[in-house]
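Along the sequence shown, the residues carry numbers beginning at 1.
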Amino acid sequence: MSSRELGGAVAELTYPEVGRTRHGALPGGYHHLRHRYPLPAGSFDTAAEAVLSWRLHRAAGVRMRTTAARATEGVLVTAGLGVGPARIWGPCQVIWSEESPTRAGFGYGSLTGHPERGEEAFVVGREDDGAVWFEVRAFSLPARWFTRAGGPAVRAVQHTYAWWLGRTLRRLCVGR
């Protein structure tokens, strides 16, 4: 898919803190989101593949238009949330991805036209004791009139979306 097919996005991130969701503290001046969910023991490989292949997002009901089958650095993706004409599209670019025996995931940053300005990460991890977890981390500010007008309701939707992704991934791991 071309960037035009992904909503005409130009690959220029709408914020300066490229890659901050990968490790450590999130940048100041933004709304922060961080949710961590336990996953079934032994589900790391299934969860990692679901995250990196967009399967998680699609299973959660998100429309995904992507330039690649896997989340790797530089891939353009436009996520669509909602139904029919009420669907809101958010163009993004994957700015980092990781795949190791104990950690897998990616972070994408918003592009021009996205309702928010910032970055979101989706990461699966495996601890030394075998525990598996999924985490969503984000920093953002409103970028469009309707997200500014929505105020706290928009942040509630973001938290609900993170919770829904965790629940969906847990379901995908149990059904493997």
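- Between T46 and C173 the shortest heavy-atom distance is CG2-CA, 4.2 Å.
- Contacts classified as ring pair (Phe, Tyr, Trp, His ring centres under 6.0 Å) and involving residues 55-91 (residues at least two apart or in different chains) are given here: H57-F122.
- Listed by chain and number, the residues in a ring-ring contact (aromatic ring centres under 6.0 Å, His included) with F134 amount to none (sequence neighbours excluded).
- Here the shortest heavy-atom pairing between A138 and L26 reads O-CD1, 3.3 Å.
- Taking 4.5 Å as the limit, every side-chain heavy atom of E116 sits out of range of all side-chain heavy atoms of Y30.
- Within a 6.0 Å sphere centred on CZ of R167, other residues, nucleotides and ligands contribute 12 heavy atoms or fewer.
- A distance of 5.0 Å separates CG of L39 from CG of L169, quoted to the nearest 0.5 Å.
- Taking a 6.0 Å sphere around CG of D128, one finds it holds 12 or fewer heavy atoms contributed by other residues, nucleotides or ligands.
- Legend: ring pair (Phe, Tyr, Trp, His ring centres under 6.0 Å) pairs involving residues 32-51, not counting sequence neighbours, sorted by first then second residue: H35-H159.
- Between the OH atom of Y108 and the CD1 atom of I95 there is a distance of 11.5 Å, given to the nearest 0.5 Å.
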Worked check of side chain to side chain contact (heavy atoms under 4.5 Å, CB included) between L33 and Y161
CA-CA 11 Å; L33 176 145; Y161 174 63; over 6 Å; no

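- The CH2 atom of W164 sits 13.0 Å away from atom CG of L81, with the distance rounded to the nearest 0.5 Å.
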